[in-house]
Visitor: 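Okay, handing you the structure first.
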Protein chains: 2
Amino acid sequence: MNILEKIAQSKSAFSKSEKKVAEVILANPQTAIHSSIATLAKMSDVSEPTVNRFCRRLDTKGYPDFKLHLAQSLANGTPYVNRHVDEGDGPQEYTNKIFESTMASLEVARQSVDINVVNRVVDLLTQAQKISFFGLGASASVAHDALNKFFRFNVPVVYFEDILMQRMSCMNSSDGDVVVLFSHTGRTKSLVEIAQIARHNDATVVGITSAGSPLANECSYVLSLEVPEDTDMYMPMASRIAQLTLVDVLATGFTLRRGNKFRENLKRVKDTLRNSRYEKRD
Amino acid sequence: MNILEKIAQSKSAFSKSEKKVAEVILANPQTAIHSSIATLAKMSDVSEPTVNRFCRRLDTKGYPDFKLHLAQSLANGTPYVNRHVDEGDGPQEYTNKIFESTMASLEVARQSVDINVVNRVVDLLTQAQKISFFGLGASASVAHDALNKFFRFNVPVVYFEDILMQRMSCMNSSDGDVVVLFSHTGRTKSLVEIAQIARHNDATVVGITSAGSPLANECSYVLSLEVPEDTDMYMPMASRIAQLTLVDVLATGFTLRRGNKFRENLKRVKDTLRNSRYEKRD
DNA sequence: ACATTAAATGTAGTAAAATTACAACTTTCA
DNA sequence: TGAAAGTTGTAATTTTACTACATTTAATGT
């Protein structure tokens with residue numbers, strides 16, 4: 001587990017002086033890994049053995065071992081999980097926190113993806129007669145994005161923002177059609193209804209939503225993404241990004257399945273856009 | 001750069017004994033990071049100063065510093081550097097690669113963001129009479145998402161997919177209006193025109209695009225995101241996610257600027273959605 | 001082939017860093 | 001208030017890393 005996270009969490013288990021050490025390390029971890037125990041002790045205004053005890057409390061063998069763990073936590077661009085934005089943060093702080101927590105969420109999401117389902121869904125998509133992408137609210141833009149991606153593949157793909165259009169579209173669906181539904185919570189009533197309608201019309205329904213939700217129960221296949229809740233801002237943030245990344249994964253799987261020739265075709269699609277762009281001169 | 005790669009590459013620059021050290025480290029790097037210079041010397045059958053010289057040749061300050069670098073390289077099982085999807089990849093591989101390269105891109109993007117501009121743009125947004133979000137193609141869904149976010153803030157916010165609507169909207173803009181334009185390349189002609197129209201009508205134009213592009217030149221403020229090119233798939237992937245994360249940053253800055261009371265208001269907006277959802281029972 | 005020089009490696013001593021043992025000081029609760 | 005548990009610091013010890021220098025090995029020219 002990420003040791004910075006661990007420090008933040010076990011704060012209550014620390015003694016007064018140990019907390020001082022924790023503060024200093026959390027404030028500038030990059031400095032910490034390049035300091036000796038003596039300098040860190042001085043920075044935290046405690047004695048050297050206190051720093052040592054601090055390290056052991058975190059289940060490391062001692063200071064050098066702790067530094068190693070710290071270095072690893074800082075290495076992989078997935079620094080602090082759960083770095084929530086708070087009131088007093090300036091632009092520098094909140095910007096970093098948002099980026100970092102987004103990355104952390106992606107890491108969690110990555111580990112929660114069921115590869116077998118991914119593979120199965122890619123299968124379905126490559127064989128689909130028609131693909132529909134629907135989502136409401138924040139997930140609408142995810143569906144929108146999926147449309148954009150799959151549109152390039154020259155397959156029949158459908159996306160509606162309007163809930164009634166979505167319903168009508170699903171009513172007209174049939175065997176061989178795939179309906180992909182996006183919803184973080186999986187509790188949006190209208191979307192659950194759409195899933196039901198689509199299934200009654202023999203379409204295959206894929207839900208990109210949270211496991212065990214009402215929507216998940218109505219789907220033929222569920223790609224569940226475990227994403228730390230964005231409780232702070234009352235806005236969906238990380239969940240959306242995880243969904244989009246999953247769309248990238250599906251799109252990538254799709255192109256790989258279609259093979260090399262198909263990818264050349266994609267390049268042509270991109271080239272077509274050239275006329276609508278200003279040339280890049282190097 | 002990953003130090004293990006570096007060791008492998010600089011093999012020719014090493015002396016005979018140094019090569020022995022390199023071998024041992026490459027063979028079992030996990031052991032190496034937990035060994036002292038003495039044990040590593042014994043394992044490699046060389047003297048301690050040789051190990052030390054080996055470390056310096058790799059541009060580290062000494063053995064402890066080298067261990068730090070090594071630990072970072074080992075963190076997270078070869079982190080995400082240049083992990084491009086290729087032909088033979090199975091679902092497991094391409095899923096991981098996509099997630100990892102997305103995270104890597106976010107890290108790069110984070111470092112390239114100009115905090116001062118972020119702060120300035122948040123300023124503008126909080127004071128705007130009307131906010132418009134426009135983007136075309138892949139960036140359309142980003143604009144769509146921005147709409148969704150800022151709509152919750154109860155500020156006049158506008159988004160159109162249709163290029164003509166976008167133009168008309170910009171023609172009607174006036175002093176105090178802020179137009180935010182999304183484009184990865186910044187070379188889409190119609191979007192550059194929109195920037196010009198908006199500026200002629202005294203609106204403030206914010207570009208979320210690449211620095212130095214034609215679009216950037218037409219904007220009052222440019223939030224440039226440096227994102228590694230997604231050359232592989234001929235599809236915008238990481239750039240999009242970086243833009244979305246930046247939208248999150250702006251939205252967060254916005255709410256922070258508006259203060260605590262405002263955030264309670266956000267909570268109410270969220271609660272309003274409750275009726276359209278199935279209850280969650282724990 | 002041998003001498004001369006440069007490079008590489010190791011030995012031994014030194015400095016620095018981390019850890020331990022223990023003493024002094026706080027806090028807690030009867 | 002005073003004993004016990006917990007916390008923190010001082011000083012000594014041990015471990016670790018580094019430096020200076022001596023020795024060996026390799027390279028080059030005569």
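No experiment lies behind these values; they were computed from the predicted model shown. Numbers restart at 1 for each chain; the letters A, B, ... are given by sequence-line order, proteins then strands.
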Visitor: Distance check needed: C:dA7 P versus B:Phe14 CZ, whole Å only.
Guide: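 Computing the B:Phe14:CZ to C:dA7:P distance gives 19 Å.
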Visitor: Nearest heavy atom decides the nucleotide; on that basis, is B:Arg53 or B:Lys67 closer to the 5' end of DNA chain D?
Guide: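 Here B:Lys67 is the residue nearer the 5' end.
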Visitor: Please list residues of residues 56-65 of chain A whose heavy atoms come under 4.0 Å from any atom in DNA chain C, ordered by number; otherwise none.
Guide: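 Correct list: A:Arg56, A:Gly62, A:Tyr63, A:Pro64.
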Visitor: Go through the structure and list residues passing salt bridge (charged side-chain N to carboxylate O under 4.0 Å, His left out) with B:Arg53, not counting sequence neighbours.
Guide: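 Checked B:Arg53 against salt bridge (charged side-chain N to carboxylate O under 4.0 Å, His left out); zero matches.
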Visitor: Hey, can you pull the residues of residues 31-48 of chain A with a non-hydrogen atom under 4.0 angstrom from DNA chain D?
Guide: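 Those residues whose heavy atoms fall under 4.0 Å from DNA chain D, taken from residues 31-48 of chain A in numerical order, are A:Val46, A:Ser47.
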Visitor: Is the shortest side-chain N to carboxylate O distance from B:Lys97 to B:Glu100 below 4.0 Å?
Guide: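 Not counted as a salt bridge, because no side-chain N and carboxylate O are separated by less than 4.0 Å.
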Visitor: Should A:Asn52 be listed as having a side-chain N or O under 4.0 Å from OP1 or OP2 of C:dT19?
Guide: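 Yes, such a contact exists.
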Visitor: Would you say B:Arg257 and B:Asn119 are linked by a side-chain donor-acceptor pair, where the criterion is simply a distance under 3.5 Å?
Guide: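 Judged by distance alone, the side chains do pair up.
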Visitor: For DNA chain D, note the earliest and the latest nucleotide, 5' to 3', having some atom under 4.0 Å of a heavy atom belonging to chain A.
Guide: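 So the outermost contacting nucleotides come out as D:dT7 to D:dT10.
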Visitor: Within this structure, what is the CZ-NZ distance for the pair B:Phe14 and B:Lys19, rounded to the nearest 0.5 Å?
Guide: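 One gets 9.5 Å once the value is rounded to the nearest 0.5 Å.
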Visitor: What is the distance, rounded to the nearest whole Å, between atom NZ of A:Lys16 and atom C1' of C:dC25?
Guide: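 Distance, rounded to whole Å: 11 Å.
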Visitor: Among A:Thr31, A:Leu40, A:Val46, find the one that has a side chain to side chain contact (heavy atoms under 4.5 Å, CB included) with A:Val24.
Guide: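 Output: one option passes, namely A:Leu40.
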Visitor: Does the side chain of A:Ser36 pick up a donor-acceptor pair with the side chain of A:Thr39 at under 3.5 Å?
Guide: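 Present: a donor and an acceptor within the cut-off.
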Visitor: Check salt bridge (charged side-chain N to carboxylate O under 4.0 Å, His left out) between B:Arg56 and all other residues, then give those that pass, not counting sequence neighbours.
Guide: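 Expected list: none.
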Visitor: Please tell me whether A:Tyr63 and A:Phe54 form a close aromatic pair, meaning their ring centres lie under 6.0 Å apart.
Guide: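 Ring centres of A:Phe54 and A:Tyr63 not closer than 6.0 Å.
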Visitor: Among residues at least two apart in sequence or on other chains, which ones pass salt bridge (charged side-chain N to carboxylate O under 4.0 Å, His left out) with B:Asp65?
Guide: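 Counting only residues at least two positions away or on another chain, B:Asp65 forms no salt bridge (charged side-chain N to carboxylate O under 4.0 Å, His left out).
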Visitor: Answer yes if the side chains of A:Ser47 and A:Thr50 hold a donor-acceptor pair under 3.5 Å, and no otherwise.
Guide: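 Looking only at side-chain atoms, A:Thr50 and A:Ser47 do form a donor-acceptor pair, the distance falling under 3.5 Å.
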